[in-house]
Amino acid sequence: SRKAEIENAKKQNKKVALMLYPTDDLGSSFRYRSYNIYKATKNSQKWQLIYFFTDELSTLIDLLPKADLFIFGRITKWSSQYDEIAYQAHEQGLKVLLDLDDCVCGTSHIKEMFNIVSPDTVDQEYWISTSAHIELISQLTDGFIVTNDYLGKILSETHGNKPYKVIKNSLNDEQVKYSNELLLEKQNRREGVF
């Protein structure tokens, strides 16, 4: 269980980062921005990331005293519960960060996004609403985790010079192994008779 993983990390003198993620059905987003980081930190000597989903919020709140850092991961709908969890995390001396891999925090860059994503009015309404929700969440945080320096600089400049750290999207060992197996299978098919 993830509670046991927290205890194990603490026994290894690792710092624990708790990440709140909306749901695991976001596919690649969850894999790259949460699960792969979780897997990478299992081999770290310093940190262990443990993720929880929004339907596990009460469990996560109970575990805040064991944490060293709290992260909002891809949360796109503000809720007063998030105000409360950020407040509790700050009360316990934790930094609160927001993980973003797109420039969708606030409306200052929304027009550029419409040119890229869609000129459709329904899409525009969705992104205006979503970027406003993410902006509300960003106001609860001390900084950002981003996929690249360019995005980090934009967010820092538009959010009172809040600091940011870059964690690039990457593959985990399971994905590399599976990719290598698929590549070998593909190569073997080419060597056979058509």
Side-chain angles (χ1 to χ4, degrees), residues 15 17-41 44 46-47 49-54 60 67-87 89-90 93-172 175:
K15 292 185 177 184
L18 298 180
M19 177 182 273
L20 179 64
Y21 213 84
T23 175
D24 67 348
D25 66 2
L26 292 176
S28 63
S29 174
F30 169 70
R31 186 169 50 249
Y32 293 121
R33 299 313 300 161
S34 187
Y35 184 73
N36 286 358
I37 298 169
Y38 157 76
K39 294 295 279 187
T41 58
S44 169
K46 294 182 180 181
W47 283 94
L49 177 100
I50 306 289
Y51 58 85
F52 290 86
F53 302 113
T54 51
L60 188 145
D68 299 284
L69 178 68
F70 175 75
I71 304 165
F72 287 107
R74 294 287 295 209
I75 302 292
T76 59
K77 296 290 181 201
W78 173 85
S79 161
S80 60
Q81 292 176 308
Y82 303 148
D83 282 1
E84 180 60 29
I85 197 167
Y87 173 79
H90 282 126
L94 278 64
K95 294 289 185 188
V96 176
L97 303 178
L98 173 60
D99 181 85
L100 287 172
D101 61 354
D102 292 308
C103 194
V104 291
C105 185
T107 57
S108 57
H109 294 279
I110 205 80
K111 289 180 185 177
E112 292 99 346
M113 194 174 73
F114 291 157
N115 294 330
I116 297 168
V117 176
S118 173
D120 185 307
T121 305
V122 174
D123 286 345
Q124 291 179 1
E125 288 301 317
Y126 168 81
W127 283 110
I128 289 170
S129 172
T130 298
S131 66
H133 278 272
I134 294 171
E135 177 64 25
L136 288 171
I137 294 165
S138 76
Q139 293 171 8
L140 306 173
T141 68
D142 303 298
F144 301 97
I145 298 172
V146 295
T147 51
N148 59 63
D149 199 48
Y150 176 77
L151 176 58
K153 286 179 182 175
I154 289 173
L155 289 170
S156 181
E157 288 170 6
T158 57
H159 291 82
N161 295 316
K162 285 184 180 182
Y164 67 91
K165 293 289 181 187
V166 173
I167 297 179
K168 295 180 180 182
N169 287 343
S170 62
L171 299 174
N172 68 43
Q175 293 161 332

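The model shown is predicted, which means the values in this text are computed figures rather than measured ones.
Counting heavy-atom neighbours within 6.0 Å of Q81 CD, excluding the residue itself, gives a total of 12 or less. The number of heavy-atom neighbours closer than 6.0 Å to NZ of K165, taken from other residues, nucleotides and ligands shown, is 12 or below.
Formation of a donor-acceptor pair under 3.5 Å by the T141 side chain with backbone atoms of L97 is not found in this model. Side chain of T41 to main chain of Y38: a donor-acceptor pair is present (N/O by atom type, distance under 3.5 Å, no hydrogens or angles). A side-chain donor-acceptor contact under 3.5 Å links S156 to the backbone of K162. Here the side chain of S129 pairs no donor or acceptor atom with the backbone of E125 at under 3.5 angstrom.
Taking CD1 of I85 as the reference point, atom OG of S80 lies at 12.0 Å (rounded to 0.5 Å). Separation of atoms CG (D101) and CG (L151) is listed at 8.0 Å; rounding is to 0.5 Å. Between L98 atom CG and Y82 atom OH the span is 12.0 Å, to the nearest 0.5 Å. The line from CD1 of I167 to CG of D99 is 7.0 Å long, rounded to the nearest 0.5 Å. Rounding to the nearest 0.5 Å gives a distance of 12.0 Å between CD1 of I145 and CG of L155. Once rounded to the nearest 0.5 Å, the distance linking NZ of K153 with OH of Y164 reads 5.0 Å.
With I71 as the partner, the side chain to side chain contact (heavy atoms under 4.5 Å, CB included) test is satisfied by one option alone out of L49, V96, L20, L94: L49.
Counting all heavy atoms, side chain and backbone alike, L100 lies closest to I134 at CD2-CG2, 3.9 Å. Smallest separation of non-hydrogen atoms from F70 and L60: CE1-CD2, 3.4 Å. Contact detail for G73 and P22: the closest heavy-atom pair is O-CD, 3.1 Å. Minimum heavy-atom separation, S34 to Y51: OG-CB, 3.3 Å.
Under the salt bridge (charged side-chain N to carboxylate O under 4.0 Å, His left out) criterion, no residue pair touches residues 129-147, with sequence neighbours excluded.
Ring geometry for F30 versus Y35: interplanar angle of 30 to 60°, hence tilted.
Using a 4.5 Å cut-off on side-chain heavy atoms (C-beta onward), W47 and L69 make contact. When side chains are defined from C-beta on, R74 counts as touching D102, because their heavy atoms get closer than 4.5 Å. The closest side-chain heavy-atom distance from N169 to R33 is below 4.5 Å. You'll find the side chain of I75 reaches within 4.5 Å of the side chain of T54, heavy atoms only.
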